[in-house]
Amino acid sequence: MADLESLLALPVGIAVPMDTLGPKERRAVRALPAGAAERSRKTVARQAVRPVHVDLAVVRAASLRQGLEKAGRFAPFCRRAVLLDRRPARLDEALVEADFYGIGVFVASGRDVELVLEPEEYRPPRHTAAAWWFVEDLYQRLRSASAF
């Protein structure tokens with residue numbers, strides 16, 4: 001996480017003079033893993049960027065309540081939606097609640113999936129090391145899954 005925070009402080013692909021960094025930042029830059037930044041004695045240029053972009057997290061749930069709780073965990077990172085196995089008895093009430101949280105709703109019916117509520121647009125309030133860590137972790141999981 002500390003490496004990601006150090007990288008976020010640097011612009012991508014632009015050489016920054018090392019003497020403009022404080023002692024703590026210079027130590028952090030020197031400790032970055034190979035390939036994360038291009039370093040010389042006088043400058044550092046960030047090379048690392050997020051490996052993937054996550055647009056939408058969809059969680060499958062038996063109930064809307066359970067789905068809203070699970071989907072809510074992705075709020076800092078991307079748009080969210082719930083995939084329900086069946087249409088709720090009080091669909092209108094369910095959609096009002098999901099809309100309040102900005103969470104979209106899909107309903108599965110046999111082999112078909114219907115979008116009944118569009119998820120709210122995601123606008124990150126700022127770029128954070130935690131958000132970068134999220135996509136790095138997802139990327140590693142996808143790479144591991146595709147290896148099999």
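Note on W133: it does not cluster hydrophobically with V12, by side-chain heavy-atom contacts below 4.5 Å among ILVMFWY residues. Clustering ILVMFWY residues whenever any of their side-chain heavy atoms sit less than 4.5 angstrom apart, transitively, puts W132 in the very cluster that holds Y139. L115 and L117 fall into different hydrophobic clusters, where Ile, Leu, Val, Met, Phe, Trp and Tyr side chains are chained together by heavy-atom contacts under 4.5 Å. Cluster annotation: F74 and F106 are assigned to distinct hydrophobic clusters (Ile/Leu/Val/Met/Phe/Trp/Tyr, side-chain heavy-atom contacts under 4.5 Å, transitive).
Under the 4.5 Å side-chain criterion, counting only non-hydrogen atoms from C-beta, V16 is in contact with P11. Taking 4.5 Å as the limit, every side-chain heavy atom of T128 sits out of range of all side-chain heavy atoms of L4. Using a 4.5 Å heavy-atom threshold, the side chains of P119 and I103 count as separate. You'll find the side chain of V29 reaches within 4.5 Å of the side chain of L21, heavy atoms only.
Note: E97 CD to L64 CG = 5.5 Å, rounded to the nearest 0.5 Å. Separating the CD atom in E121 from the CZ atom in R79 is a distance of 6.0 Å, to the nearest 0.5 Å. A distance of 10.0 Å separates CZ of R46 from CD1 of I14, quoted to the nearest 0.5 Å. E118 CD to D99 CG: the interatomic distance, rounded to the nearest 0.5 Å, is 11.0 Å. Between the CE atom of M18 and the NZ atom of K42 there is a distance of 11.5 Å, given to the nearest 0.5 Å. From E120, atom CD reaches atom CZ of F100 across 10.5 Å, with rounding to the nearest 0.5 Å.
Listed here is the closest heavy atom pair of A129 and E5: CB-CG, 3.4 Å. Counting all heavy atoms, side chain and backbone alike, G67 lies closest to V59 at O-CG2, 3.6 Å. Among all heavy-atom pairs drawn from V49 and E136, the shortest one is O-OE2, 4.4 Å. Nearest heavy atom pair, residue L32 against residue A37, reads CD1-CB, 4.0 Å. Scanning both residues, L7 and A48, for their nearest heavy atoms gives CD1-CB, 3.9 Å. The two residues A31 and D3 make their nearest non-hydrogen contact at O-OD1, 4.4 Å.
Between the side chain of S63 and the backbone N or O of Q66 there is at least one donor-acceptor pair closer than 3.5 Å. Under a 3.5 Å cut-off, the side chain of Y122 and the backbone N or O of P76 do form a donor-acceptor pair. Side-chain N or O atoms of T20 include one that pairs as donor or acceptor with a backbone N or O of P17 at under 3.5 Å. The backbone N or O of V52 sits nowhere less than 3.5 Å from a side-chain atom of R50 that would complete a donor-acceptor pair.
Environment of CD in Q140: crowded, with over 12 heavy atoms of neighbouring residues, nucleotides or ligands closer than 6.0 Å.
The aromatic rings of F134 and F77 lie parallel to each other, their planes meeting at an angle below 30°, with 60° marking the opposite boundary.
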Below 3.5 Å, can you tabulate the donor-acceptor pairs from side chains in residues 81-96 to any protein atom, sequence neighbours excluded?
| from | atom 1 | to | atom 2 | distance (Å) |
| --- | --- | --- | --- | --- |
| D85 | OD1 | R60 | NE | 2.7 |
| D85 | OD1 | R60 | NH2 | 3.1 |
| R87 | NH2 | E114 | OE1 | 2.5 |

- side-chain contact (heavy atoms from CB on, under 4.5 Å) between L56 and V58, worked out: CA-CA 6 Å; L56 176 66; V58 179; 3.8 Å; yes
